Structure formats: C-alpha cells, structure tokens
Amino acid sequence: MFESPTIAEFLAQSNLASTLPATLLLTWTLILVLVDLFAGDDRAHWTPVMACVGLGISFVANLFVYSPAESEQIALYGMFIADAFTGFLNMVILVATLIAVLMSWDYLNRADIHRGEYYILALISSAGAMFMVAANDLIVIFVALELLSIPLYILAAFRSIKNDGSELSLKSEESGMKYFILGAFSSAFLVFGAALVYGATGTTNLPQIFSLVGGIVGGTSAAAFYLLIGAALLLVGLGFKVAVVPFHMWTPDVYEGAPTPVTAFMSVTAKVGGFAALLRVLVSGLSVLVLVEGGAAAWQTTATIIAILTLVLGNFVAISQRNLKRMLAYSSIAHAGYIMVAVAAAGTANVIDAATQSALVYMMAYMFTNLGAFAVVMAIEREDGSGGNIDDITGLAKTRPLMAMAMTIFMLSLTGIPLTAGFVGKFMVFASALQAGLFGLAVIGVLTSVVSAFYYVRVVVNMYLRDSAVDLQPALETPYVRWAINIALAGTMIFGIFYPLATNLVGMVSIA
Amino acid sequence: MDVTGLSLTTITLFLPMVGLAILLFMNGETQKANLKWVAFATSVVTFVASVLMWINFDPGNAELQMVQRNTWAEVSLGESVINVSYFVGVDGISMLLVLLTTFIMPISILGSFGSHIFEERGREKLYYIFLMLLEWSMLGVFVVHDLIIFYVFWEVTLVPMYFLIGIWGSEERIYAAVKFFLYTMAGSILMLIAILYVGNRSGTFSTYSAGGDVGVIERVHNWDGEGTYWDALGPEGESEDGGFLFNSVESWLFLGFLVAFAIKVPIFPFHSWLPDAHVQAPTAGSVILAGVLLKMGTYGIVRFNLNLFPEATVAWAPTIAFLGVVGIIYGAWVSYAQDNVKKLVAYSSVSHLGFVVVGIFALNAQGLQGATLQMVNHGISTGGLFLIVGMLYERWHTKEMADYGGVWKMMPLFGAISLVISLSSMGLPGLNGFIGEFTILLGSLGSEYLGFAFTLFATLGVIMAAVYLLKMFQHVFMGEMKRPLSSEEGYKLTWSEKAAFIPIIIMIFWMGIQPIVFFNMLDVSVDSIVALFVR
C-alpha cells in the first residue's frame with residue numbers, strides 16, 4: 001500500500017520552499033545558539049546583531065514566497081498553508097520581534113541580566129508564531145502554540161536573577177510561573193478540543209474538517225454534539241492565549257512582572273499567533289458549523305458575547321490603573337476585544353473576507369502602536385524597574401519632547417483618532433461588524449473606545465499639561481530604544497495617513 | 001482644474017499645512033521671534049487664496065465648484081467594494097464658511113501677538129503648529145464631500161483644540177480640556193457608525209456626484225421609488241408599529257449624525273462642555289472655538305442631516321427647533337446671571353446658536369439663509385467679544401465683572417469698538433447681527449413645520465440678548481474705574497490689537513448694510529435643500 005516516495009516526490013509533496021520564512025528563522029536561531037556559546041563576553045553584542053540579521057533574512061524570504069499574485073501554496077503534506085494571510089502576519093511578527101530585540105539590548109544591560117539566550121528564545125518564539133499563522137491542521141496549531149509559548153514562559157521569568165547570581169525580582173518569577181501554569185492549562189483545553197473535533201470528523205486537517213462539517217450538523221448523530229463541544233474548547237484554549245474575557249485573569253500580573261520588552265513582545269506575538277489560529281480554526285475549519293439553515297455560524301453568538309465582555313471589562317478596569325504597564329495590559333485586553341469583534345463578524349457568510357482583512361489590519365496597527373507605547377514606558381523606567389507609574393511621566397514634554405510626542409501619537413492611535421493606524425483598524429473592524437449585521441456590537445465597540453479615550457488621554461495630560469513635581473531621572477535609553485520607538489512611530493503614522501497601503505496589503509487575503 | 005491638476009480648493013486647504021511644515025523646521029533663538037510671523041503670514045495667504053476662490057465662485061451654479069476628486073482607497077464591505085475618495089469642492093454654504101474660517105484665523109493669531117502666555121507656559125512653536133493644524137482640519141470639514149474623509153477631518157479638529165485649551169488655558173484647563181475631548185468624541189463616534197451604515201447600504205461614501213459616481217445626497221434627492229430611500233435599503237421585515245421616530249432606520253441614522261453635531265453646536269442640553277472650554281481656553285482658542293468650531297456642528301446638520309434624511313428631518317424638526325428655542329432662552333438667562341465676563345460671552349453663544357438651529361429647522365429658504373448668515377455673524381461678533389475679553393484680561397488679570405468699571409474713560413477707542421461689537425451681537429439694525437436673526441425669525445414665522453410660538457419665544461431671546469450684553473458693557477466700561485493700572489502705557493492698544501479689530505468692524509458694517517452680497521452666494525445652494533421640504 002504505502003510506498004516510500006522518491007526524494008523528488010518528497011520535495012514536491014512537502015513543498016519546503018514555501019515554508020522558508022519560518023524554517024530559515026528557526027535554522028538561523030539554532031546556529032545562533034552555537035555562536036552565542038562560543039562568543040566570549042566581550043562579543044556579547046554579536047547575538048542581538050545576528051538576531052536582527054536573521055529577522056531580516058526571514059523578512060526577505062517572506063517577500064519572495066508570498067508575492068501577492070501567487071495563490072495559496074500547501075506545504076508539508078497539507079499541514080502548512082502559505083497564503084496571503086500567512087505572508088501578511090509573518091511580516092507583522094517579524095517587525096514586532098525586531099522592535100522587541102531593539103528594546104531588549106538596552107533593557108538587559110540596564111537591569112544587568114544580559115544573556116544571549118534571551119534573543120534565541122525570542123526568535124524561537126517568533127518562529128513558533130510564524131508556524132502558527134500558517135497552520136492548516138489542528139496538530140500543527142498545537143505544536144506551534146507550544147513553540148510559541150514555552151520560550152515566553154522562560155522570558156517572562158528572565159528578570160528573577162541577575163548575572164552575578166543575586167536575586168532581582170520576585171515579580172518576574174511569579175509572572176513566569178503564572179504564565180506557565182495557566183498556559184499549560186489552556187493548552188490542555190486546546191488539545192482536548194482538537195481531540196473531540198477529530199472524534200467527530202476523523203481528521204485534524206482544517207479544509208477536510210470544513211468539507212465534513214456540513215454533513216455532520218445535518219445529521220442527528222452524537223458527532224454534532226462532539227463537534228460543538230470541541231469547537232467550544234478550542235475557543236477556550238485559544239481565548240487564553242489571546243487573553244479575552246473571561247480567560248484574561250493572568251494578563252495583568254504577567255505583563256506587570258515580566259521584563260518590559262518581553263511584555264511588549266508577548267502582548268503582540270502571542271496575540272497575533274492566537275488570533276491567526278482562532279481565525280483559521282473558526283473560519284477555514286468551522287465556518288459551516290451552522291445550526292439554523294441560512295444563519296450565521298454557531299460560534300458567532302459566543303464570539304459576540306466574548307467580544308462585548310472583553311471590551312467592557314478591559315476598558316473599564318484600565319481606567320483605575322496607576323501603573324502604566326498594568327494599564328497597557330488591560331488596554332491590550334480591550335484591543336483583543338476589538339479583534340474579537342472582527343472574529344464575530346466573520347461568522348456571517350458573506351462578510352468572512354472583509355472581517356478577516358479587518359482583523360489583520362487591526363493587528364498590524366496594534367502591533368506598531370502597542371510596541372511603541374511599551375518602548376516609551378521602558379525608556380523612562382528606572383534601573384530597578386520602578387518609575388513606570390502614570391505620575392512618572394508627568395512633565396515629559398518638557399524634558400524629552402520628542403518622546404512625549406511619540407507617546408501622544410501612540411495614545412491617540414490606541415484611542416482610534418484619525419490619521420493614525422489605530423483609526424484605520426477600528427474603522428475596518430466596525431465596518432465589517434456592521435456588514436455582518438452586528439449593530440449592537442459595533443455600538444458597544446465605539447462607546448467603549450470613548451471610555452478608552454479617558455485613560456489614554458490621561459497619559460497625554462500628564463505629559464503635556466502638568467508640570468513635574470519631582471525631578472525626572474536623566475535619559476537612560478540608548479539609541480536602540482529610540483530606533484524601536486521610531487520604527488513604531490513610522491508604522492503608526494504611515495499606515496494611518498496612507499490608508500490605502502493597509503487595505504492593499506490585505507486585499508488578497510481570503511481564508512474561507 | 002489647472003495645469004497642476006489641483007483645484008483651488010485643494011490649494012487653499014493645504015496652505016496651512018505648508019505653514020506647519022515651515023514652522024516645524026524653525027529652531028534656534030533668532031527664529032523664535034519669527035514663529036508668529038510665519039503663522040500669521042500663512043493664515044493671510046490662506047485667506048487670500050480663499051478670496052480667490054470667492055472670485056472664481058459662480059453664485060448662480062447649483063453644482064459643487066472647484067471640485068477635485070481622487071480615489072483614495074477601496075474598502076471592501078462584504079461583496080461590494082466602496083471607494084473612499086478625496087473629494088473637495090464648494091457650494092455657497094461651504095464657500096461662506098471657508099471664508100469665515102480663513103478670516104477668523106489671522107485675527108486670532110494677531111490677537112495672540114501681545115499675549116503673555118508664552119512667558120509663563122512657553123512652547124510658542126507648538127502653539128502655532130496647533131493653530132495651523134486646526135485651520136487645516138476646520139477647512140477640511142467644510143470642503144470635503146466624502147463621508148469618511150469628513151469624519152477624519154472632524155475628529156482631527158479635536159486634537160489641536162484639546163492641546164490649546166490644555167497647555168495654554170487658565171487654572172482649570174486640564175478639566176476643561178479632558179471634558180471637551182471626551183464629550184465631543186462620544187458624540188462623533190456614534191456618527192462613525194451611522195456613516196459606515198450609510199456607506200454600507202448605499203454603496204458610496206461620496207455625498208455628491210462626480211465622475212460618473214452618483215453621490216448619496218443626490219440619490220436621496222432623486223429617489224422616486226416606494227417609500228423613502230432608506231426604507232428601500234433597510235433591513236427586511238421592518239415593522240412600522242413603533243412609529244417612524246423610533247422604529248425606522250432613517251430616524252436612527254438621523255440621530256446618529258445629529259448627536260455628533262448637537263454636541264458641537266451645542267444644542268441644549270448638550271452644552272455643558274462649552275462654558276468650561278471657553279472660559280479656560282486662551283484667547284485665540286476661544287475666538288476660534290466660537291468663531292468656527294461651533295459652526296462645524298450647524299454646518300453638519302445642514303449638509304448631512306437635512307440632505308440625507310429629509311423624512312426624519314421633517315419628523316424631528318419641531319423637537320429640535322424646540323430645543324433650539326430652549327437654548328435661546330436658557331442661554332440668555334444663564335448668561336445674564338454670570339459674574340464672569342468670559343462665561344457670559346460663552347453662554348451667549350448657546351443662545352445665539354439656538355437661533356441658528358431654529359432657522360435650520362424652519363426648513364424654508366429664509367430660515368436656512370438666515371441660519372447660514374447667522375453662523376458667520378456669530379463667528380465675527382462673538383469672536384470679537386472674546387478678543388475684547390482677552391485684551392481686558394491681559395491688562396487686569398481678572399475675569400470678574402465686579403473688578404472692572406470705567407474702562408471706556410481710560411480707553412476711548414477700545415470702548416467704542418467694544419460698543420459696536422456688542423451692539424452687533426445683540427442684533428442692532430444696520431449691523432450684521434440683525435440681518436441673520438431677522439431672517440431667521442421671518443423664516444420660522446413662515447415655516448410649515450414650526451408654529452407661531454417658536455417665533456414668539458425666539459424673539460424674546462433678542463430682547464434678552466440686549467439685556468445681558470448691555471449689563472456686561474455697563475459693568476465693564478461705564479462707571480468708575482475700580483482698579484487703575486499701574487502705568488498709563490497699559491491703557492494703550494498695541495498695533496496688533498488695533499489691527500485685529502479693523503477687519504471685524506469692517507465686516508460688521510458691510511454685512512449689516514449690504515447683506516445681499518452674501519445672500520446671493522447662498523440662494524442656489526439653499527434652494528436645492530429647501531426643494532426637499534416643499535409640500
């Protein structure tokens with residue numbers, strides 16, 4: 001029956017070329033492990049520099065693999081799909097990692113926790129995210145998720161011990177531990193969900209699931225029941241990863257305790273990976289899971305409720321936060337809510353593409369803006385990690401006008417004021433929600449963004465409108481952080497002002 | 001269209017941005033003294049450009065003029081692809097408000113020349129950058145005819161105004177700035193939903209037709225099918241049981257737009273942000289706020305609510321006009337009760353804009369023309385009043401009326417100017433204020449949608465305006481001087497202060513004596529709207 005394929009057949013079937021962006025990054029990272037091992041302490045800067053080079057190589061490979069004219073390519077025997085969706089999110093992930101690496105170099109030296117493994121772990125994690133956005137199979141989603149998460153657990157706890165062996169921060173240790181336990185817990189949900197879906201359909205391949213679901217929900221077998229429970233568990237498992245309410249409890253503690261660049265990194269990469277998988281599972285796999293003839297997908301109501309809870313809780317709790325990192329943590333929950341609005345909209349059959357595209361644009365806008373905001377917070381932090389409170393940025397406009405201006409633009413973008421990327425994202429998300437007929441959800445979305453204006457504007461108030469009572473600490477940041485801020489600022493402004501850029505980039509995306 | 005492919009509208013719109021770019025690159029001590037000159041020159045050049053537009057403007061043409069339209073982006077909404085386009089052009093109403101904006105801008109910049117706020121707060125460069133950004137975004141609101149780009153400009157006006165109040169305002173500035181920001185954002189973001197719905201259902205974001213695309217306003221105007229345009233596009237199976245007001249798509253869309261505009265105008269009871277913002281804003285901020293920013297609201301009602309949702313407009317007209325009348329009386333009453341002279345002028349805005357609202361919802365030619373003219377009149381005279389208050393504050397550092405008195409005796413020219421501007425604001429025949437208010441009252445009297453009572457109570461507002469403005473004038477300018485200044489020099493008006501008043505005084509008399517020039521500009525544009533409401 002089973003003949004071993006020739007090498008030519010194997011290569012054709014596995015189509016390794018289209019996996020290059022992710023595999024190149026992973027290979028490069030493995031080489032980096034060796035480089036880091038043999039490079040002496042005086043050459044410690046080799047690792048971050050080479051990490052940036054690796055990201056660049058992967059970015060270029062990504063440009064070659066996903067030319068927009070190319071239709072989707074299936075690789076690794078159908079487990080890996082390389083389409084416009086993958087290509088776009090790969091770029092988002094790579095830029096995010098680059099900004100995070102730029103931030104890290106400064107931070108690690110300042111806190112005296114500089115170790116080469118840090119960059120290696122970050123790169124592995126981002127390779128995991130790249131596999132995740134290309135996953136076409138429940139198994140790959142799980143494996144990629146672990147590849148994404150496990151380095152993040154370690155990174156979150158990276159601040160616990162200094163290079164000289166002295167203890168630094170219990171909070172970071174707590175952060176890593178919490179993240180690990182809840183992450184493991186959520187993976188269990190995900191695997192159980194995948195198992196039930198496999199039980200119902202007999203396959204883990206998303207397109208095959210898609211083709212089988214119609215027949216299953218039509219019948220009255222127990223399979224339909226398993227399928228529903230399986231879909232729900234998948235939603236729970238991925239919900240943990242993207243931190244939507246009610247699966248968000250871990251977020252503020254983890255975000256606050258982790259080293260700031262790690263927080264920035266995981267608030268973007270883990271969310272991008274998680275939402276990509278969520279969209280693939282729900283749209284590519286289960287969009288035909290329709291219980292009422294001609295109606296929306298069965299998971300739309302659930303997604304709507306989750307979106308509403310996330311928007312309301314994220315935005316309202318963020319108001320009472322005094323610590324900037326905690327505030328950004330809650331705001332990142334709120335932003336997951338806006339992406340969830342797009343996911344819910346994708347439940348209506350003829351809006352799938354528009355909703356997916358809006359989710360992608362939102363993620364890109366969020367990536368630039370959020371990383372920029374975290375970079376500013378990091379730049380003003382003191383060496384001991386304190387100084388991240390809302391009062392600590394008072395009068396920043398006088399002492400560091402350019403940084404204050406950048407932070408203002410990030411805050412306006414997070415609020416969704418026009419001429420920033422954040423507005424483009426919100427605009428597209430609400431447009432797709434309306435198209436899907438989810439009027440209530442769209443109205444709640446815009447009203448909660450007024451609430452969000454309150455706490456974002458407070459940051460601007462403190463920077464510009466109040467004078468500092470205490471002396472601000474001298475600028476500690478290195479040019480690398482300024483580069484991180486500049487890249488984020490450029491992205492926020494360019495995609496905000498040149499609106500068509502974003503829509504053209506995602507114009508080809510279709511995963512239904 | 002000329003060789004560059006840019007219409008005059010585009011050039012006028014982007015001139016402030018040129019000034020902003022120049023300002024951005026001005027660093028160093030020597031250039032610091034020139035910041036205000038660059039800003040002033042930019043605003044004057046913009047004004048000249050807008051006058052060129054006026055010269056090119058053909059008042060007999062009902063179409064948009066000096067149009068430019070470029071596709072900006074394509075938005076896919078489900079199966080349909082909708083163009084978002086950069087679409088600018090002016091009709092009579094836009095033209096008049098563009099002129100108002102470019103007219104007020106140099107005056108308010110001149111008004112900040114002698115100001116002492118920079119000695120205390122510094123950041124002069126940022127101040128002028130925000131003024132340029134503000135002018136750009138306000139002009140954008142008046143000339144853009146694509147709903148999405150309109151929303152972009154509309155929201156962007158918030159940011160510079162927020163900073164102007166927040167950085168260079170008086171003691172309670174932070175509270176006022178945040179309140180202003182949140183209040184107006186809450187209103188406008190509901191409009192975004194309405195805009196998206198309109199685009200989604202009608203398949204276009206352009207309000208007027210250009211290049212083969214039929215704009216949504218024209219579609220509504222020319223709709224001759226069953227029921228209303230929006231009914232035909234609305235969700236199926238809609239029941240009429242709840243009545244039109246709360247159970248039709250059109251009515252909800254109307255309200256979505258109206259709330260945004262009502263907060264900006266402000267229509268009673270959405271006015272509570274206005275006294276705070278006005279009182280705390282620096283002089284130039286107050287002048288622009290009263291002069292132009294509030295008109296964006298009334299302009300929006302005329303342009304979008306009336307044109308897009310005629311049936312809903314008719315259904316809501318008495319209610320909104322009633323709120324307008326309440327605003328007239330309430331604003332005047334509260335204004336009379338103020339001890340703070342800046343607050344008095346601020347509340348007078350609520351009262352004056354009540355007239356505009358009544359005029360708009362009279363839904364006839366006189367009402368609309370009067371309302372549009374009153375927008376300009378109010379911009380000029382209340383802008384002037386805020387300049388006066390600002391100059392008083394520069395000298396005496398108080399806003400309490402009780403601290404003033406006898407200013408006329410020491411500053412005869414200033415007193416005379418203030419008298420003229422106050423009289424214009426209270427609507428003395430022969431000056432500009434009279435024309436607008438009188439036409440509005442005529443309109444409301446002849447309206448098929450409003451009754452006699454509206455006219456009666458609105459007229460009360462005219463009398464009350466005289467009461468509170470004369471009270472202010474009497475307290476500040478007449479009687480004995482309570483706090484003489486330390487030096488005689490302080491009583492003199494600087495050249496920039498005098499220069500700021502000259503154009504205001506000219507306009508007050510010109511519009512009062514020869515209003516026909518301005519009515520002519522409006523005739524055709526107003527008629528096309530009124531045609532919707534002729535029974």
Side-chain angles (χ1 to χ4, degrees), chain A residues 345 348-355 357-358 397-398 401 405 408-409 412 415-420 423-424 426-428 430-437 439 442-443 445-451 453-454 456-458 460-462 464-467 496-504 506-507, chain B residues 71-82 84 121-123 125-126 133 137 148-159 162-163 165-169 173-175 177-178 180-201 235 249 252 256:
Chain A
T348 304
N350 60 350
V351 198
I352 290 178
D353 285 346
Q357 290 168 8
S358 69
K398 282 240 173 75
M405 189 202 74
T408 305
I409 289 170
L412 292 178
T415 317
I417 298 290
L419 300 186
T420 58
F423 170 71
V424 177
K426 281 214 171 115
F427 162 72
M428 290 186 68
F430 294 142
S432 57
L434 281 183
Q435 179 73 15
F439 300 109
V443 171
V446 294
L447 289 182
T448 49
S449 61
V450 179
V451 176
F454 181 76
Y456 292 131
V457 164
R458 193 166 55 191
V460 181
V461 165
N462 271 9
Y464 275 89
L465 313 188
R466 292 209 169 99
D467 287 327
I497 294 172
F498 302 102
Y499 174 89
L501 266 183
T503 44
N504 288 349
V506 297
Chain B
T71 301
W72 175 232
E74 287 171 345
V75 188
S76 66
L77 287 172
E79 291 132 351
S80 55
V81 174
I82 304 181
V84 175
R121 308 268 167 71
R123 294 190 239 178
K125 180 172 156 184
L126 200 60
L133 190 63
S137 50
I148 295 298
I149 309 285
F150 168 79
Y151 181 80
V152 168
F153 279 111
W154 175 270
E155 268 312 56
V156 167
T157 54
L158 266 182
V159 178
Y162 161 78
F163 279 109
I165 299 174
I167 301 182
W168 296 280
R173 57 184 182 276
I174 294 178
Y175 171 77
V178 172
F180 167 76
F181 193 93
L182 292 182
Y183 224 108
T184 29
M185 186 181 166
S188 49
I189 202 133
L190 284 174
M191 179 169 72
L192 179 62
I193 293 286
I195 286 176
L196 288 172
Y197 187 93
V198 167
N200 184 345
R201 288 300 153 113
V249 176
W252 283 111

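Note on naming: letters A, B, ... go to the chains in the order of the sequence lines (proteins, then strands), and numbering restarts at 1 for each one. Bear in mind that the values here come from a model prediction, so they are computed numbers and not experimental data.
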ask   = Under a 4.5 Å heavy-atom cut-off, does chain B meet the side chain of A:Ile417, its backbone, both or neither?
value = side chain
ask   = Which region of A:Thr348, side chain (C-beta onward) or backbone (N, CA, C, O), has a non-hydrogen atom less than 4.5 Å from a non-hydrogen atom of chain B, or is it both or neither?
value = neither
ask   = Which atoms form the tightest heavy-atom contact between B:Ala186 and A:Val450, and what is the distance?
value = CA-CG2, 3.6 Å
Among B:Ile195, B:Val156, B:Leu126, residue most engaged with chain A (heavy-atom pairs, under 4.5 Å) = B:Val156
remark   = One option among B:Ile167, B:Val178, B:Val159 has the most heavy-atom pairs under 4.5 Å with chain A, and it is B:Ile167
query = With only heavy atoms counted, which part of A:Lys398 is less than 4.5 Å from chain B, the side chain, the backbone, both or neither?
reply = side chain
query = Can we call the ring centroids of A:Tyr499 and A:Phe427 under 6.0 Å apart?
reply = yes
remark   = Per-residue tally against chain B (heavy atom, under 4.5 Å) across A:Tyr464, A:Phe430, A:Phe423 peaks at A:Tyr464
key: Minimum heavy-atom distance between A:Thr415 and A:Lys426, given as atom pair plus value   = O-NZ, 3.0 Å
ask   = So what's closer than 4.5 Å to chain B heavy atoms on A:Leu501: side chain, backbone, both or neither?
value = neither
ask   = Which atom pair, heavy atoms only, marks the closest approach of A:Val351 to A:Ala345?
value = CB-O, 3.9 Å
request  = Measure distances from B:Tyr162 to the heavy atoms of chain A and classify the residue's part below 4.5 Å as side chain, backbone, both or neither.
outcome  = side chain
request  = For A:Ala453 and B:Leu182, work out which heavy atoms get closest and say how close.
outcome  = CB-CD2, 3.7 Å
Under 4.5 Å from a heavy atom of chain B, the part of A:Ser449 involved = both
request  = Please check if the distance between the ring centroids of A:Tyr456 and B:Phe181 is under 6.0 Å.
outcome  = no
key: Region of A:Val460 in contact with chain B, defined by heavy-atom distances below 4.5 Å   = both
Reported CG-to-CH2 distance for the pair A:Leu465 and B:Trp168, which is rounded to 0.5 angstrom = 9.5 Å
